[in-house]
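Presented below is the structure to which this report refers.
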Amino acid sequence: MEDSRIVDLYWMRSECAITETASKYGNYCYAIAYNILHDKEDADESVNDTYLGAWNTIPPHRPSVLGTFLGKITRRVSLKRWRDSHRDKRGGSQVSLALDELSECVPANVVVEDQIIAMELAKTLNRFIASLPVTERQVFLCRYWYLDSIEKISMDFCFSSSKVKSMLHRTRTKLLSYLKKEGLV
């Protein structure tokens, strides 16, 4: 079923919207959740919370790209679940590793509640990511959006682990320089 039709089902408050969403985007949402949580039950719960989030958000919101909209909800829900379960412990998961790697670039003084600064940072990050060569962009997003492990990225792109690490390091260095140029660091 086409995305616009699924969104129409949400607007009509038809429960078929959830069924169609699960059919078309269930595996996609599960992959995002599992990459963050590394637990089948938690990933399943995050996907269900994604469907609830979509149900509660559509209407009034009408997403133009349903897959991206659902991916964003899944990522937010899964990261919250991960933070809640790791509040007092610091494990070696891909989430903490990826967030540690980016901590060098993202300014620590950004206040999440300050919508204006957060929106400007998001726009700047989007411009930076759009400026990257395709492969570099894909590797960067696999690591920092989908939170894939270095090993998975290496296999997916047929690169050595050291090449992926080096590429990510260079991209983070470029990001830091870009953020400084934009006055956000």
Side-chain angles (χ1 to χ4, degrees), residues 3 6-7 10 17-18 20-58 60-87 89-108 110-115 117-130 132 136-153 156-157 164 168 171-172 175 179:
D3 288 357
I6 295 172
V7 171
Y10 278 104
I18 303 294
E20 293 297 330
T21 300
S23 173
K24 187 167 183 180
Y25 292 106
N27 290 337
Y28 169 70
C29 292
Y30 180 83
I32 293 170
Y34 190 81
N35 279 348
I36 294 170
L37 299 166
H38 297 286
D39 183 82
K40 183 185 179 336
E41 289 79 22
D42 283 348
D44 286 336
E45 285 185 38
S46 288
V47 171
N48 288 332
D49 289 346
T50 298
Y51 300 149
L52 178 63
W55 183 264
N56 290 333
T57 308
I58 309 171
H61 184 71
R62 185 178 285 274
S64 56
V65 182
L66 184 60
T68 304
F69 176 77
L70 293 168
K72 187 176 179 180
I73 293 173
T74 304
R75 188 171 189 277
R76 187 186 69 237
V77 166
S78 299
L79 284 171
K80 182 182 182 322
R81 184 177 301 275
W82 181 87
R83 278 188 210 102
D84 290 349
S85 68
H86 290 80
R87 184 162 288 142
K89 53 188 170 187
R90 187 85 167 143
S93 75
Q94 294 304 315
V95 176
S96 61
L97 290 173
L99 294 176
D100 283 348
E101 290 168 7
L102 277 178
S103 69
E104 306 164 2
C105 303
V106 179
V110 172
V111 179
V112 176
E113 294 77 26
D114 188 350
Q115 289 294 331
I117 293 173
M119 286 173 34
E120 185 59 37
L121 179 60
K123 288 178 189 175
T124 302
L125 288 171
N126 285 334
R127 283 193 306 270
F128 171 77
I129 291 168
L132 294 172
E136 195 174 333
R137 178 184 324 137
Q138 290 172 335
V139 168
F140 189 82
L141 290 174
C142 283
R143 181 66 175 153
Y144 300 115
W145 177 257
Y146 295 107
L147 300 168
D148 289 342
S149 68
I150 299 293
E151 293 75 26
K152 182 176 183 332
I153 296 169
D156 290 349
F157 288 88
V164 172
L168 289 169
T171 307
R172 287 192 312 270
L175 173 59
L179 291 174

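Heavy-atom basis, side chains included; hydrogens, waters and symmetry copies ignored.
To the nearest 0.5 Å, the span separating CG on Leu66 from CD1 on Ile6 amounts to 5.5 Å. How far CZ of Phe128 is from CG of Leu175: 4.5 Å, rounded to the nearest 0.5 Å. Note that CG of Leu37 and CD1 of Ile32 are 11.5 Å apart. Values are rounded to the nearest 0.5 Å. To the nearest 0.5 Å, atom OG1 of residue Thr74 and atom CG of residue Asp49 are 9.5 Å apart. Summarising the geometry, atom CG belonging to Asp148 is positioned 4.5 Å from atom CG belonging to Asn35; distances are rounded to the nearest 0.5 Å. Separating the CG atom in Asp156 from the NZ atom in Lys152 is a distance of 3.5 Å, to the nearest 0.5 Å.
In this structure, the side-chain contact (heavy atoms from CB on, under 4.5 Å) partners of Arg76, at least two apart in sequence or on a different chain, are Ile73. The ring pair (Phe, Tyr, Trp, His ring centres under 6.0 Å) search around Tyr146 returns none, not counting sequence neighbours. Legend: residues meeting side-chain contact (heavy atoms from CB on, under 4.5 Å) with Thr57, ordered by chain and number and at least two apart, are His61, Phe69. Evaluation of the side-chain contact (heavy atoms from CB on, under 4.5 Å) rule for Val47 yields Cys29, Tyr30, Ala33, Tyr51 as partners, not counting sequence neighbours. Residues that satisfy the ring pair (Phe, Tyr, Trp, His ring centres under 6.0 Å) test with Phe157, not counting sequence neighbours, are Phe159.
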Taking it one step at a time, do Leu147 and Arg143 satisfy side-chain contact (heavy atoms from CB on, under 4.5 Å)?
CA-CA 5 Å; Leu147 300 168; Arg143 181 66 175 153; over 6 Å; no
Test log, rule side-chain contact (heavy atoms from CB on, under 4.5 Å), inputs Leu168 and Ile150:
CA-CA 10 Å; Leu168 289 169; Ile150 299 293; 3.6 Å; yes
Can you list the steps and then say if Thr21 with Tyr10 is a side chain to side chain donor-acceptor pair (under 3.5 Å)?
CA-CA 10 Å; Thr21 300; Tyr10 278 104; 2.8 Å; yes
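A 4.5 Å side-chain heavy-atom check between Asp44 and Lys40 finds at least one atom pair inside the cut-off.
No donor-acceptor contact under 3.5 angstrom links the side chains of Arg81 and Ser78, judged on distance only.
Here the side chain of Arg62 pairs no donor or acceptor atom with the backbone of Val7 at under 3.5 angstrom. For Arg137 (side chain) and Ala130 (main-chain N/O), a donor-acceptor pair under 3.5 Å exists by modelled atom type.
Annotation for Asn56: atom CG counts as buried by contact number, over 12 foreign heavy atoms lying within 6.0 Å.
Note on residues 24-36: pairs passing salt bridge (Lys or Arg N to Asp or Glu O under 4.0 Å), not counting sequence neighbours, are Asp3-Lys24.
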